[in-house]
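In what follows, a structure is listed as structure tokens, so that the remarks can point back to it.
Residue indices begin at 1 and follow the sequence shown. Just so it is clear, the structure is predicted and the values come from calculations on it, not from any experiment.
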Amino acid sequence: MEVEMRVPYVDLGSQWLAIKDRAIAKISEVLESGMYLEHPIVNALEERIAVKLGVKFATSVNSGTDALILTLAALGVSRGDELITVPNSFIASVAAIEHVGATTVFVDVGSDHLINVELIEEAITPRTKAIMPVHLEGKMADMVSINQIAKKHGLLIIEDAAQAFGSKFIKYQPGNLSDAACFSFHPLKNLNAAGDGGLIASNNYDLIEKVNVLKNHGQMARNISHRFGFVSRLDSLQAAILDVKLDDLDSIIARRRLNAKMYEVNLRNSNIEMPVVAMDVFHSYHLFVIEINNRDQIQKALKNVGIETKIHYPTLITDQFAYTTKYPEKKWHLPLAKTQCQKILSLPIHENLSELQINYITEHLEKLL
Ligand SMILES: Cc1ncc(COP(=O)(O)O)c(C=O)c1O
């Protein structure tokens with residue numbers, strides 16, 4: 001079949017062209033300095049990000065997964081502790097909990113694909129140490145309610161904000177209504193490195209200082225380690241790239257929000273379930289996720305006309321082999337997450353998408369439905 005137009009799900013090449021001259025200047029500066037690790041640009045980036053998020057401190061690490069693991073370790077989460085989270089996230093959210101020896105208690109999500117706050121309290125046991133909401137797709141969970149519950153029961157809150165840089169709940173960005181927020185700078189995120197990267201934002205000085213030691217071999221000073229640590233530093237080249245990307249982030253999010261509007265307008269008369277966004281949420285559109293019946297056939301048909309889509313995520317964490325082999329006896333009641341898993345489809349939403357491409361996608365979607 002003749003394909004009229006190609007719509008890639010992401011377009012990292014175009015992103016690079018938009019920053020090339022500025023990025024090369026900064027990359028060159030780092031390379032010429034020889035400080036491939038711990039160039040001052042790393043701390044400068046952390047300070048810029050803390051200001052942007054409205055938190056007191058930020059420390060960078062090697063990935064979003066490391067941000068979660070090191071935060072949990074620094075907060076003293078360990079064997080015997082339970083953490084409450086959702087099953088529809090990327091595997092890393094739960095991997096982090098399991099890596100520090102804690103266990104995961106799953107609660108179902110709402111129609112917005114985020115933790116259903118009404119189910120949290122009944123999941124609390126004497127072992128519960130923390131709640132870990134996942135701000136999936138670029139939408140923040142109801143942090144005000146989660147805070148009230150955490151305060152009432154003396155629990156920690158760790159936000160998995162890997163997909164939510166630039167998102168807000170009311171006026172609060174991740175890190176403001178919790179003990180810590182953990183971000184990912186994976187190449188597919190809105191604020192993205194050319195490789196792996198992550199960051200922890202917090203108002204807790206003690207936590208950030210502990211992570212700073214843990215992420216650098218447990219060293220308090222050169223060759224002085226009081227505790228075995230890890231190596232998880234954001235390298236200077238990634239910091240240079242992120243520093244340039246941060247300049248453009250607001251306009252990138254604005255463009256993604258505009259794309260979302262175009263989808264909404266074009267599909268307003270269709271029977272597609274559009275993203276559900278609560279009034280208090282400022283959606284940064286890391287993903288644009290619709291729900292449809294016959295998802296797999298439609299995804300295939302879209303592919304045949306040159307439209308690339310993704311599924312975030314096709315398997316619940318509770319159904320992943322890594323989980324079922326570790327906990328063969330566990331059965332969770334997660335009806336909404338299970339149904340959504342069969343219906344969700346992520347459409348291209350990146351900032352270099354043209355109006356023509358969006359129209360092409362929506363025309364084909366309507367035809368197929
Ligand atoms: C919700 C969520 N949590 C955690 C992670 C882990 O981040 P990273 O890939 O940077 O380790 C990701 C990244 O894909 C994610 O989407």
Side-chain angles (χ1 to χ4, degrees), residues 57-87 89-107 115 120-135 141 146-147 149-162 174-175 177-184 198-220 224-233 317-318 320 322-330 332:
F57 314 105
T59 187
S60 57
V61 290
N62 202 247
S63 67
T65 309
D66 279 6
L68 289 167
I69 294 173
L70 294 178
T71 298
L72 295 177
L75 287 170
V77 176
S78 61
R79 199 161 298 284
D81 293 333
E82 289 177 358
L83 267 77
I84 295 173
T85 193
V86 287
S89 182
F90 183 55
I91 187 88
S93 311
V94 170
I97 297 172
E98 300 291 325
H99 279 318
V100 297
T103 52
T104 314
V105 172
F106 293 97
V107 298
I115 192 163
I120 294 176
E121 279 199 287
E122 62 197 56
I124 295 172
T125 76
R127 293 178 158 216
T128 308
K129 178 94 174 190
I131 306 168
M132 194 172 93
V134 180
H135 303 320
I146 292 170
N147 237 270
I149 297 167
K151 281 217 171 80
K152 182 170 156 196
H153 295 273
L155 304 176
L156 298 167
I157 306 172
I158 298 103
E159 296 170 82
D160 182 340
L177 290 178
S178 66
D179 293 278
C182 300
F183 295 92
S184 164
L199 179 129
I200 299 147
S202 176
N203 287 319
N204 178 342
Y205 175 79
D206 195 43
L207 164 66
I208 295 290
E209 274 309 291
K210 278 188 181 143
V211 172
N212 282 338
V213 171
L214 275 179
K215 76 178 186 184
N216 195 14
H217 305 288
Q219 294 187 121
M220 318 287 290
I224 300 175
S225 295
H226 291 184
R227 173 179 179 182
F228 292 117
F230 303 85
V231 56
S232 185
R233 299 166 299 217
I317 298 174
T318 43
Q320 287 276 1
Y323 188 82
T324 54
T325 46
K326 188 167 178 188
Y327 301 104
E329 78 292 352
K330 292 253 184 188
W332 298 100

Quiz prompt | With sequence neighbours excluded, residues passing side chain to side chain contact (heavy atoms under 4.5 Å, CB included) with Ala180 | solution =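 Ala180 satisfies side chain to side chain contact (heavy atoms under 4.5 Å, CB included) with Thr71, Ile200, Ser202, Leu207 only.
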Quiz item: Who are the side chain to side chain contact (heavy atoms under 4.5 Å, CB included) partners of Gln320, not counting sequence neighbours?
Solution: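 In terms of side chain to side chain contact (heavy atoms under 4.5 Å, CB included), with neighbours along the sequence ignored, Gln320 is linked to Ile91, Thr315.
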Kindly give the heavy-atom pair with the smallest separation between [X] and [Y], and that separation in Å.
| X | Y | result |
| --- | --- | --- |
| Thr103 | Tyr327 | CG2-OH, 3.4 Å |
| Pro174 | Phe183 | CB-CZ, 3.6 Å |
| Ala92 | Leu68 | O-CD1, 4.1 Å |
| Ile158 | Cys182 | CG2-SG, 4.1 Å |
| Ala161 | Ala181 | CB-CB, 4.3 Å |

Exercise. Look at the side chain of Asn147 and the backbone N and O of Leu177, then say whether any donor-acceptor pair between them is shorter than 3.5 Å.
Key: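 Flag set: sc Asn147 to bb Leu177 pair under 3.5 Å.
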Exercise. Using atom types as modelled and distance alone, determine if a side-chain donor or acceptor of Ser232 lies under 3.5 Å from a backbone N or O of Asn62.
Key: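 Indeed, once roles are kept as given, a pair shorter than 3.5 Å links the two residues.
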Is there a side-chain contact between [X] and [Y] (heavy atoms, below 4.5 Å)?
| X | Y | answer |
| --- | --- | --- |
| Thr85 | Thr104 | yes |
| Asp81 | Leu72 | no |
| Met220 | Arg227 | no |

Calculate, to the nearest 0.5 Å, the distance between atoms [atom1] and [atom2] belonging to [X] and [Y] respectively.
| X | Y | atom1 | atom2 | result |
| --- | --- | --- | --- | --- |
| Leu199 | Phe57 | CG | CZ | 13.5 Å |
| Asp66 | Ser60 | CG | OG | 11.5 Å |
| Leu155 | Ile146 | CG | CD1 | 11.5 Å |
| Glu98 | Ile69 | CD | CD1 | 11.5 Å |
| Leu214 | Phe228 | CG | CZ | 13.0 Å |
| Ile157 | Ile84 | CD1 | CD1 | 11.0 Å |

Check residues 124-135 and write down every donor-acceptor pair under 3.5 Å in which the side-chain atom is one partner and the other belongs to a residue at least two apart or another chain.
unit_1: Thr125; atom_1: OG1; unit_2: Glu82; atom_2: OE1; d: 2.7
unit_1: Thr125; atom_1: OG1; unit_2: Arg127; atom_2: N; d: 3.0
unit_1: Thr128; atom_1: OG1; unit_2: Thr125; atom_2: N; d: 2.7
unit_1: Thr128; atom_1: OG1; unit_2: Thr125; atom_2: O; d: 3.1
unit_1: His135; atom_1: ND1; unit_2: Ala141; atom_2: N; d: 3.0
unit_1: His135; atom_1: NE2; unit_2: Glu159; atom_2: OE1; d: 2.7

Quiz item: Considering residues, nucleotides and ligands other than His153, do more than 12 of their heavy atoms fall under 6.0 Å from its NE2?
Solution: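 Enclosed.
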Quiz item: Do Phe230 and Leu70 pass the side chain to side chain contact (heavy atoms under 4.5 Å, CB included) test, and can you show the C-alpha distance, the side-chain angles, and the key distance before you say yes or no?
Solution: CA-CA 9 Å; Phe230 303 85; Leu70 294 178; 3.5 Å; yes
Exercise. Would you sort out whether Ser89 and Val94 count as a side chain to side chain contact (heavy atoms under 4.5 Å, CB included), showing the intermediate values?
Key: CA-CA 8 Å; Ser89 182; Val94 170; over 6 Å; no
Practice problem: Could you go through the side chain to side chain donor-acceptor pair (under 3.5 Å) check for Tyr323 and Trp332 one step at a time? | Solution: CA-CA 12 Å; Tyr323 188 82; Trp332 298 100; 3.0 Å; yes
